Amino acid sequence: MRISVSSDMDEPVARALVAELRARGHEVTTHGALEPGADPQWAVCSEAAAREVADGTADLAVVCCWTGTGASIAANKVPGVRAALCTDAYTADGARRWNDANVLALGLRLTSEPLMKEILDAWFAAEVSEDAEDRANVERLRGR
């Protein structure tokens, strides 16, 4: 899977995230502080990662900033992106399952490496719901 990753800071958990995704066999593209010479501002790098999902050059994205809030807001400004700020595995599962989230937002401040791995496990294990109500909610967001 092609995954775009952004972070506004070169923090250990952000580097661990990239390493973990690559260890799981994913093709990773980096943005912001993870890419030498790139603009590290959260609004810029989060949008860049989200755009790759929207234009189909990435299947999913993970966007990071200190709290995860700014990164999720920036990503959600890109039409076709459904970014979810997840602080635990249960939320990550629900975001993928019920919301068909295609961008995971993580906060660098509170996400430890073990927690990040639990969140990724849940994110990748969840299957998108085919329930008519869930699909109708996601469809309502298309083009916004």
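Predicted model, so just to flag it, every value in this text is computed and none were measured. Values below: every heavy atom of this structure, side chains too, minus hydrogens, waters and symmetry copies.
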Heavy-atom closest contact ([X] atom, [Y] atom, distance):
| X | Y | answer |
| --- | --- | --- |
| Pro40 | Cys45 | O-SG, 3.9 Å |
| Leu60 | Ala101 | CD2-O, 4.4 Å |
| Arg96 | Ala126 | CB-CB, 3.7 Å |
| Leu34 | Ser6 | CD1-C, 4.2 Å |
| Ala14 | Leu108 | CB-CD2, 4.0 Å |
| Ser46 | Ala74 | CB-CB, 3.8 Å |

Answer with yes or no whether the hydrophobic clustering places [X] together with [Y]; edges join I, L, V, M, F, W, Y residues whose side-chain heavy atoms lie under 4.5 Å apart.
| X | Y | answer |
| --- | --- | --- |
| Val5 | Met9 | yes |
| Val44 | Val103 | no |
| Val18 | Leu115 | yes |
| Met1 | Leu21 | yes |

Report the hydrophobic cluster partners of [X], with the cluster defined as I, L, V, M, F, W, Y residues connected by side-chain heavy atoms closer than 4.5 angstrom, directly or transitively.
| X | result |
| --- | --- |
| Leu85 | none |
| Trp42 | none |
| Trp98 | Tyr90 |
| Ile73 | none |

Rounded to the nearest 0.5 Å, how far does [atom2] of [Y] lie from [atom1] of [X]?
| X | Y | atom1 | atom2 | result |
| --- | --- | --- | --- | --- |
| Arg2 | Thr57 | CZ | OG1 | 6.5 Å |
| Asp8 | His31 | CG | NE2 | 14.0 Å |
| Ile3 | Leu120 | CD1 | CG | 8.0 Å |
| Thr91 | Leu104 | OG1 | CG | 10.5 Å |
| Thr87 | Arg109 | OG1 | CZ | 12.5 Å |
| Arg82 | Ser72 | CZ | OG | 15.0 Å |

Glu35 vs Thr30, side chain to side chain donor-acceptor pair (under 3.5 Å): CA-CA, chis, key distance, verdict: CA-CA 6 Å; Glu35 186 64 29; Thr30 56; 2.6 Å; yes
Results of side-chain contact (heavy atoms from CB on, under 4.5 Å) for Ala92 - residues two or more places apart only: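 Testing Ala92 for side-chain contact (heavy atoms from CB on, under 4.5 Å), a comparison that skips the adjacent residues, returns Cys86, Ile119, Ala122, Trp123.
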Salt bridge present between Arg135 and Asp131 (N-O < 4.0 angstrom): no
Ion pair check, Asp55 and Arg51, cut-off under 4.0 Å: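 No salt bridge links Asp55 with Arg51.
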Pair Val28-Leu17, side chain to side chain contact (heavy atoms under 4.5 Å, CB included): steps then yes or no: CA-CA 10 Å; Val28 178; Leu17 168 65; over 6 Å; no
Side chain to side chain contact (heavy atoms under 4.5 Å, CB included) between Arg24 and Lys117, intermediate numbers included: CA-CA 11 Å; Arg24 292 177 184 221; Lys117 289 178 182 179; 4.3 Å; yes
Residues in ring pair (Phe, Tyr, Trp, His ring centres under 6.0 Å) contact with Phe124, at least two apart in sequence or another chain: His26
4.5 Å side-chain heavy-atom contact, Arg15 and Asp10: yes
Steps toward side chain to side chain contact (heavy atoms under 4.5 Å, CB included) verdict (Glu47, Val78): CA-CA 7 Å; Glu47 179 185 354; Val78 178; 3.9 Å; yes
